[in-house]
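Some notes on the structure that comes next.
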Amino acid sequence: MANYYTDIKEIKFELENNPLMERIVELKERQFEDKDTYDEAPQDLADAIDSYDRVLDVVGDIVANVVAPNAEDVDAEGPHHENGRVRYASKTYENLAAMNHAGLNGMTMPRRFGGLNLPVTVYTAANEIVSAGDAGFENIWSLQDCIETLYCFGNEEQREKYIPRVCKGETMSMDLTEPDAGSDLQSVMLKATYDEENQCWRLNGSKRFITNGDSDIHLVLARSEAGTRDGRGLSMFIYDKRDGGVDVRRIENKLGIHGSPTCELVYKNAKAELCGDRKLGLIKYVMSLMNGARLGIAAQSVGLSQAAYNEAIAYARDRKQFGKAIIEFPAVQEMIANIKARLDAGRALLYQTARYVDIYKALEDIGRDRKLTPEERAELKEYSRLADAFTPLAKGMNSEYANQNAYDCIQVHGGSGFMLEYACQRIYRDARITSIYEGTTQLQTVAAIRYVTNGFYSQVIESFNPSRDARIAAMTEKYNACVAAVKEAADQELLDLSARHLYEMAADIIMSLLLLRNAEKAPELFGKSFQVFVKLAEAEVEKHATWLAGLTTSQLDNYRQA
């Protein structure tokens, strides 16, 4: 592929064909107040969109000519553990150097700190593009996004100290999980104590499964309140690797994303700074951090789906059986069409989510400098809620699609797909983690189910006008009937068991509507995918409706195996 951005017209479509982009640019550029201060600042809407296009063109070029060609070597070598430190795979340094040389760091940060001041939607596109080249490298490069949390909740001194470093290419990590606290972050016990003599905090304990764990700057969740056992005793801290005190005990030996070092860390009286207020580490800051990370994994998943599609269609066009290319066989055509349909639908959901995030985050940022108007506060509330409702859909569905698409990509390859010399096996291994880390698909369902039961997803679906397509209208009727039946049962255990089915029904309908909108605007890009995806969605909704119709409270015991 010559360029991982310009060769994929669907990404550019998402950036240029949605009315929300105008509002996003207006808010992010604050009426273009930087245009007389910074040469690179856009002058108007058209200039901003052109600027985004040029940045992503550079990303796409680097991925095509550096990151993707290095992916197999990085996967084979992996990172090294040496004297308590991490040394990346050799060609990871080439990847980082290329990105740093192009100035592709601090992408969403304000220009006054050396950032590019790009919207989250554009950064999401960059994440997708990098992931299509090498999902493991994306994990290292994209963790610059941790700086968003420091920017939002740190003080101005901390912003001035750390943000320019990230904009110049220093790496970050979020140190949350511990050996005895996986998804249950309330159980975190890394101890933070205040050092009165040196006027700083000290961290002691261990962390596990830390992506890019030997980074330059860490955001650390630690227990600052002695005697507590729940989330109310946790605070967020900034650890600077320059100060020492943290060693890498080991690098995990993983199934996939080999280029990304996943570390177990030991903190020994490590100096740290409090980020924000005490006791809000989990309750406020980690929730914000995780939502950003989940959007990042959704983008990574879409990138992996794109990679799976690229490999599948290229192989099917080249491979000949019985005197003709296998892409001419209906069974292969169906698999590839399904990959493309899931890819386009998932991407539509990803960028719709990113746009919602952009608007509420830009308004929050403006609110730090001045009082928002009543209209702005209402807009902030609306888009914050939409972002919160869509993020678990985008993360959960796209990660599941990445796994299915990678599976189907290997199936298209047949026996060759089981051989290590084909990229599809790396894509398959890399995809597997996406439905696990930053909250499993089951946890995404937990995050989303309240938007099922309070009717919010139904309101969103109605606002997209499902009656425009008879098949989507029929799916919507089935979904609403299933929601009503489960709520009427008034059984929490039955709701918990039904949640995944209701969640997927809502997502299938929303993605169908988003893809319909795209197909109406660009039938040459999305017309086929829409028809294929709606057929898939109809089958999925019918499957879930049938399962839910047969479930009663008396049958719950059938699902208890313990």
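Sequential numbering from 1 along the given sequence is applied to the chain's residues.
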In Å, rounded to the nearest 0.5 Å, how long is the span from CG of Asn3 to CG of Asp61? 5.5 Å
List for me each residue that meets side-chain contact (heavy atoms from CB on, under 4.5 Å) alongside Val58, sequence neighbours excluded, and say none if there are none. Ile62, Ala102, Leu104
Between Phe237 and Leu219, is a side-chain contact (heavy atoms from CB on, under 4.5 Å) present by the stated rule, with each step listed? CA-CA 6 Å; Phe237 295 89; Leu219 293 180; over 6 Å; no
Should we count CZ of Arg432 as having more than 12 external heavy atoms under 6.0 Å? no
Please identify each residue that fulfils ring pair (Phe, Tyr, Trp, His ring centres under 6.0 Å) with Tyr88, with sequence neighbours left out. Tyr93
Do the non-hydrogen side-chain atoms of Lys241 and Val246 ever get within less than 4.5 Å of each other? no
Using modelled atom types and a 3.5 Å cut-off, is there a donor and acceptor pairing between side-chain atoms of Gln444 and backbone atoms of Gly439? yes
Would you mind reporting whether Tyr503 and Ile449 have side-chain heavy atoms less than 4.5 Å apart? no
For the side chain of Gln199 and the backbone of Glu196, is there at least one donor-acceptor N/O pair under 3.5 Å apart? yes
What's the verdict on side-chain contact (heavy atoms from CB on, under 4.5 Å) for Ile24 and Arg355, showing C-alpha distance, side-chain angles and the deciding distance? CA-CA 7 Å; Ile24 289 167; Arg355 288 186 284 265; 3.7 Å; yes
Holding to ring pair (Phe, Tyr, Trp, His ring centres under 6.0 Å), I want the full list of residues that pass it with Tyr285, two or more places apart in sequence or in another chain. Phe153
Give a yes or no on whether a salt bridge exists between Arg426 and Asp75, defined as a side-chain N under 4.0 angstrom from a carboxylate O. no
Hey, what do you get for OH (Tyr451) to CG (Leu386), rounding to the nearest 0.5 Å? 9.0 Å
Could you please spell out the steps behind the side-chain contact (heavy atoms from CB on, under 4.5 Å) verdict for Asn70 and Val66? CA-CA 6 Å; Asn70 284 343; Val66 182; 3.7 Å; yes
Side chain to side chain, Asn405 and Leu304, heavy atoms closer than 4.5 Å: no
For Glu252, is there an ion pair with Arg250 - N to carboxylate O distance below 4.0 angstrom? yes
Do Glu148 and Thr108 have side chains that approach each other closer than 4.5 Å (heavy atoms only, starting at C-beta)? yes
Can you tell me which residue among Asp214, Thr262, Ile251, Val74 is in a side-chain contact (heavy atoms from CB on, under 4.5 Å) with Pro79? Ile251
Salt bridge Asp388-Arg385, side-chain N to carboxylate O under 4.0 Å: no
Which pairs, with at least one residue in residues 118-143 and sequence neighbours excluded, count as a salt bridge (Lys or Arg N to Asp or Glu O under 4.0 Å)? Glu128-Arg347
Could you tell me whether a side-chain N or O of Asn398 sits under 3.5 Å from a main-chain N or O of Gly346, the two making a donor and an acceptor? yes
Can you see whether Ser206 engages Glu178 through a side-chain donor-acceptor pair at a distance of less than 3.5 angstrom? no
Which distance, rounded to the nearest 0.5 Å, do you find between the OG of Ser288 and the CD1 of Ile283? 14.0 Å
If we only count heavy atoms from C-beta on, is the Asn105 to Asn100 side-chain gap below 4.5 Å? yes
When you look at CZ of Arg232, are more than 12 heavy atoms from neighbouring residues, nucleotides or ligands closer to it than 6.0 Å? no
Mutual orientation of the aromatic rings belonging to Tyr428 and Tyr407 [parallel < 30°, tilted 30-60°, perpendicular > 60°]: tilted
Give a yes or no on whether Glu156 atom CD has more than 12 heavy-atom contacts from other residues, nucleotides or ligands under 6.0 Å away. yes
Side chain of Ser235, backbone of Lys279: donor and acceptor closer than 3.5 Å? yes
For Tyr383 and Tyr356, take the angle between the two ring planes, folded into 0 to 90°, and tell me which bin it lands in: parallel under 30, tilted 30 to 60, perpendicular over 60. tilted
Restricting to non-hydrogen atoms, name the atom on Ala394 and the atom on Ala298 that form the minimum distance, rounded to 0.1 Å. O-CB, 3.5 Å
side-chain contact (heavy atoms from CB on, under 4.5 Å), paired with Met174, selected from Glu438, Met236, His218: Glu438
Can you list every salt bridge (Lys or Arg N to Asp or Glu O under 4.0 Å) pair that touches residues 184-193, not counting sequence neighbours? none
Salt bridge Asp247-Arg85, side-chain N to carboxylate O under 4.0 Å: yes
Any side-chain heavy-atom pair of Cys152 and Arg368 under 4.5 Å: yes
Given 3.5 Å as the limit, does a donor-acceptor pair link the side chain of Asn155 with the main chain of Gln158, or not? yes
Can any side-chain N or O of His413 pair as donor or acceptor with the backbone N or O of Tyr422 at less than 3.5 Å? no
Quick one: pull up CG in Leu221 and SG in Cys275 and give me the separation to the nearest 0.5 Å. 11.5 Å
With the threshold set at 4.0 Å, does a side-chain nitrogen-carboxylate oxygen contact exist between Asp430 and Lys254? no
Cys409 and Glu311 have their tightest heavy-atom pair at SG-CB, 3.7 Å
Check: Asn212/Ser173 side-chain N/O donor and acceptor closer than 3.5 Å: no
So how far is it from Asp240 CG to Asp243 CG, rounded to the nearest 0.5 Å? 5.0 Å
Under 4.0 Å between a Lys/Arg side-chain N and an Asp/Glu carboxylate O for Asp369 and Arg30? yes
Are the side chains of Glu273 and Lys161 in touch, meaning some heavy atoms are under 4.5 Å apart? yes
Which heavy-atom pair separates Leu343 from Ser305 by the least distance, and what is that distance? CD1-CB, 3.9 Å
Salt bridge present between Lys340 and Asp344 (N-O < 4.0 angstrom): yes
Mark yes when over 12 heavy atoms from residues, nucleotides or ligands other than Asn198 sit less than 6.0 Å from its CG; otherwise mark no. yes
Any heavy-atom pair between the side chains of Lys207 and Val220 that's under 4.5 Å? yes
I'd like to know if the side chain of Asp7 reaches the main chain of Ala2, judged simply by a donor and an acceptor atom lying under 3.5 Å from each other, with no hydrogens or angles considered. yes
Pairing of Arg208 and Asp175 as salt bridge, 4.0 angstrom limit: no
I'd like to know if the side chain of Lys271 and the backbone of Tyr239 have a donor-acceptor N/O pair within less than 3.5 Å. no
Test side-chain contact (heavy atoms from CB on, under 4.5 Å) on Asn139 and Tyr437 and set out the steps. CA-CA 12 Å; Asn139 268 1; Tyr437 64 2; 3.3 Å; yes
Give me each pair satisfying salt bridge (Lys or Arg N to Asp or Glu O under 4.0 Å) with a member in residues 389-405, each pair once, sequence neighbours excluded. Glu400-Arg500
If we ignore hydrogens and angles and just use 3.5 Å, is the side chain of His258 paired with the main-chain N or O of Leu255 as donor and acceptor? yes
Backbone of Ile257 reached by a side-chain donor or acceptor of Ser260 within 3.5 Å: no
Asp216 and Thr171 side chains, donor-acceptor separation under 3.5 Å: yes
Would you call Lys12-Asp53 a salt bridge at under 4.0 Å N-O? yes
